[in-house]
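Being a predicted model, the structure only gives us computed values, none of them experimental. Hydrogens, waters and symmetry mates play no part in the numbers below; they use all other heavy atoms, side chains included.
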Amino acid sequence: MRKKFGPLIAIAITVIIFIVLSVFADNILGHSQNEMFSDETVSYRELKKNHSQEQAAKYSSLSYVDTTKRSTALEKGAYDLIHRGHLTPGQNFVTNDTFGTRTMYYMHGSSKYVVAKKYKRLWNQDTFSFVMVAFIYFIVTDSMILFFYRRRQVLSKDIESVTENLKRVRKNKEMASLILAPDDELYELVEQTNDISMDINELRDNARLRERRFKGLIGHLPIGVMLLNSQGEVLMHNQAMAGLLDENISNEIHPFIEDVKTYSLSRMIEHTLRKNKNHHREIQLVGNSQKYVDANVIRLVHSREDYDQQVLVILYDLTESRRFEQMQVDFVNNVSHELKTPITSIEGFSETLLNGAKDDPEKLDHFLHIINDESIRLTELIQDILSLSKVKKDTEKAQLVNMSEDIDKLLERMEIPIKKHGIHVKKEFFGNVNVTISKEKINLIIGNLIKNAISYNKENGTISMEFHHDEIENRIRFVIQDTGIGIADDEQDRVFERFYRVDKSRSLETGGTGLGLAIVKETVDTLNGTIGVESHKGLGSTFTVNIPL
């Protein structure tokens with residue numbers, strides 16, 4: 001409102017100033033006219049000594065007023081002043097002002113002898129000149145008012161823009177650029193504001209980039225991370241934490257108790273919030289899939305002035321480690337058990353021979369065959385254990401391998417058990433038989449699969465082998481099918497476990513160690529391949545291996 005009526009108020013003030021100046025100038029003119037009239041009355045009094053009233057007035061440039069008459073304006077004015085007591089003998093003179101004139105009266109002797117004179121006031125001296133002066137005055141002053149008003153409007157607009165930009169900074173919004181002429185009063189201020197805007201935008205972009213990188217880093221960490229404030233509300237988390245807790249954690253700020261269902265972990269967090277103490281413990285999480293984790297609950301204080309503490313919860317998944325530890329324990333137990341049987345047999349029969357059985361040729365021959373078989377079985381078990389431990393340590397470089405020749409060599413080594421059980425072997429090759437691969441690993445895979453097909457086949461059964469080399473997709477696939485005892489549906493997922501046997505008594509007869517398919521699976525994994533089994537009880541099994549080259 002003040003800005004809207006500012007020019008009108010300024011113009012009104014210029015009008016008042018003009019009136020005051022005009023009145024002041026008119027007063028100065030009035031003083032001059034008073035002095036002139038006073039001099040003329042002196043002349044009038046001197047002339048009246050030798051002349052009549054009328055002649056003395058005429059010679060003094062005054063007007064003689066007959067107070068007995070009221071026909072003219074001067075006569076009426078003199079009459080009114082006399083009857084009001086304003087005009088009396090002995091006074092110098094009396095002035096009667098109107099808007100356009102200033103009339104002065106003088107009485108000397110009696111009330112009949114009054115002289116007067118009319119003077120024009122300032123604005124009636126030269127009306128045209130006065131009007132022109134007034135016009136020029138108002139043009140100049142109003143132009144100046146409008147000029148400064150417009151300038152002030154522009155200045156106010158620029159100040160509002162700067163203020164708005166500063167408000168946007170407080171609200172974390174991007175500042176708008178301002179462009180002013182170099183001679184503008186606010187040019188330096190606006191330039192500094194624009195520079196600050198650019199600096200703040202750069203800092204904000206850097207902060208956003210660091211935040212994205214930090215969230216990306218936290219999000220891809222394999223360990224669970226959760227950040228809480230001093231009230232126990234979740235400020236941040238990653239997907240690993242959601243997976244470990246088996247909860248769909250909300251991104252909104254909420255109490256941690258909504259996500260943490262394990263009592264021991266909840267107690268650790270509560271104690272850290274209340275006592276400001278760090279905690280570290282291995283716990284088992286409660287949920288759909290129970291997991292073992294190494295839990296760290298850490299109090300974070302960034303500075304002495306930061307009284308609003310934060311709590312960092314870190315969970316490291318130990319489930320696989322515990323599973324591997326259990327596998328190692330089971331493996332040691334199984335190895336111990338598997339080794340115990342042949343060693344016990346060798347020890348027992350050799351002791352029997354030493355105690356006199358060697359003197360009986362029939363028993364000697366029988367016991368030596370048993371010792372020999374158990375020795376072979378013990379050697380095969382040790383060899384499989386060494387192969388299993390060597391699989392992931394093998395750094396043999398790939399080489400060009402002729403798969404047809406290699407398979408023939410593997411079959412030659414197993415010619416005795418093949419002929420013994422009357423097994424018929426069929427081979428088919430599709431594509432180029434030459435592939436670039438780790439020779440030792442591919443022979444380990446195929447050799448164990450052939451050996452497995454022999455061990456669990458029927459008498460006079462068949463082993464069918466297919467080798468496919470897809471040079472377009474750069475991969476190989478081989479299929480080994482037998483007509484053996486088959487595998488039940490509920491056992492097919494376990495055949496690749498170490499020391500797991502579908503038919504333990506049969507594998508003992510054929511000398512199996514229970515590690516063959518485990519070696520195959522782990523070797524295929526090192527080659528980034530896949531292995532699958534399809535089997536029906538009593539109808540045989542088919543193993544399919546795919547390996548990228």
Side-chain angles (χ1 to χ4, degrees), residues 383-384 386-415 417-418 423-457 461-484 486-487 492-498 500 502 512-536 539-549:
Q383 184 61 43
D384 283 347
L386 292 175
S387 298
L388 195 61
S389 64
K390 186 182 178 183
V391 165
K392 294 185 179 181
K393 296 180 181 179
D394 190 8
T395 57
E396 181 189 4
K397 294 182 180 180
Q399 57 181 305
L400 187 64
V401 179
N402 186 305
M403 295 305 302
S404 177
E405 294 178 359
D406 264 39
I407 291 174
D408 287 341
K409 290 178 181 179
L410 290 172
L411 291 173
E412 286 177 7
R413 296 175 193 169
M414 303 177 192
E415 185 176 2
I418 290 174
I423 296 174
H424 177 64
V425 179
K426 296 191 296 183
K427 299 178 294 179
E428 288 186 275
F429 294 90
F430 302 91
N432 190 358
V433 296
N434 295 308
V435 297
T436 302
I437 198 169
S438 170
K439 183 174 182 178
E440 184 175 350
K441 288 186 177 182
I442 197 68
N443 288 343
L444 193 61
I445 294 169
I446 297 175
N448 276 285
L449 287 176
I450 295 174
K451 184 178 179 181
N452 188 76
I454 296 172
S455 298
Y456 292 93
N457 213 327
T462 302
I463 298 176
S464 300
M465 303 175 61
E466 292 182 10
F467 176 83
H468 300 263
H469 182 190
D470 190 337
E471 295 185 80
I472 297 177
E473 295 187 7
N474 197 27
R475 67 184 181 89
I476 58 172
R477 178 170 66 91
F478 51 87
V479 181
I480 298 181
Q481 182 178 9
D482 63 62
T483 56
I487 307 170
Q492 291 181 17
D493 293 335
R494 300 192 61 190
V495 293
F496 298 108
E497 294 180 9
R498 297 175 180 181
Y500 185 82
V502 175
T513 63
L515 292 174
L517 291 180
I519 294 172
V520 171
K521 178 67 169 62
E522 296 192 22
T523 307
V524 170
D525 288 342
T526 63
L527 294 173
N528 299 318
T530 60
I531 182 169
V533 59
E534 182 180 351
S535 181
H536 300 281
L539 298 178
S541 303
T542 302
F543 288 87
T544 303
V545 178
N546 289 280
I547 299 175
L549 298 177

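- In this structure, Ile487 CD1 and Leu539 CG are separated by 12.0 Å, a value rounded to the nearest 0.5 Å.
- Two residues are said to be in side-chain contact when any heavy atoms from C-beta on lie closer than 4.5 Å; Lys426 and Thr462 meet this criterion.
- Formation of a donor-acceptor pair under 3.5 Å by the Asn448 side chain with backbone atoms of Leu444 is found in this model.
- Between the CD1 atom in Ile480 and the NZ atom in Lys451 there is a gap of 14.0 Å [rounded to 0.5 Å].
- Asn457 and Asp482 form no side-chain donor-acceptor contact under 3.5 Å, judged by distance and modelled atom types alone.
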Exercise for the section: Check step by step if side chain to side chain contact (heavy atoms under 4.5 Å, CB included) holds for Val433 and His469. Expected result: CA-CA 7 Å; Val433 296; His469 182 190; over 6 Å; no

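- Listed by chain and residue number, nothing satisfies the salt bridge (Lys or Arg N to Asp or Glu O under 4.0 Å) test with Arg413 (two or more places apart in sequence, or in another chain).
- Here the CD1-CD1 distance, from Ile454 to Ile423, works out to 5.5 Å after rounding to the nearest 0.5 Å.
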Exercise for the section: I would like to know whether Phe429 and Ile407 meet side chain to side chain contact (heavy atoms under 4.5 Å, CB included); could you show each step before the answer? Expected result: CA-CA 11 Å; Phe429 294 90; Ile407 291 174; 3.9 Å; yes

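- Only one option out of Thr523, Val524, Ile446 pairs with Lys441 in a side-chain contact (heavy atoms from CB on, under 4.5 Å); it is Thr523.
- Remark: the backbone N or O of Leu549 is paired with a side-chain donor or acceptor of Asn474 at under 3.5 angstrom.
- For the salt bridge (Lys or Arg N to Asp or Glu O under 4.0 Å) condition, the pairs that include at least one residue of residues 466-476, sequence neighbours left out, are Glu473-Arg475.
- Distance CD/Gln481 to OG/Ser535: 10.0 Å, rounded to 0.5 Å.
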Practice task
May I have the step-by-step check of side chain to side chain contact (heavy atoms under 4.5 Å, CB included) for Glu534 and Thr544, ending in yes or no?
Solution key: CA-CA 8 Å; Glu534 182 180 351; Thr544 303; over 6 Å; no

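- Here the side chains of Ile437 and Ile476 are in contact, with some heavy-atom distance below 4.5 Å.
- Residues passing the side chain to side chain contact (heavy atoms under 4.5 Å, CB included) test with Asn434, sequence neighbours excluded: Leu400, Asn402, Asn432.
- The aromatic rings of Phe496 and Phe543 sit perpendicular, their planes meeting at an angle over 60°, well past the 30° parallel limit.
- Rounding to the nearest 0.5 Å places NE2 of His468 at 12.5 Å from CE of Met403.
- Within the 4.5 Å cutoff, no side-chain heavy atoms of Leu449 are placed close to those of Met465.
- The distance from the OG atom of Ser404 to the NZ atom of Lys409 is 11.0 Å, given to the nearest 0.5 Å.
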Handout entry: Test side chain to side chain contact (heavy atoms under 4.5 Å, CB included) applied to Leu527 and Ile445, step by step
Key = CA-CA 11 Å; Leu527 294 173; Ile445 294 169; 4.0 Å; yes

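- Between Asp525 and Lys521 there is a side-chain heavy-atom pair separated by less than 4.5 Å.
- The closest side-chain heavy-atom distance from Ile418 to Ile463 is not below 4.5 Å.
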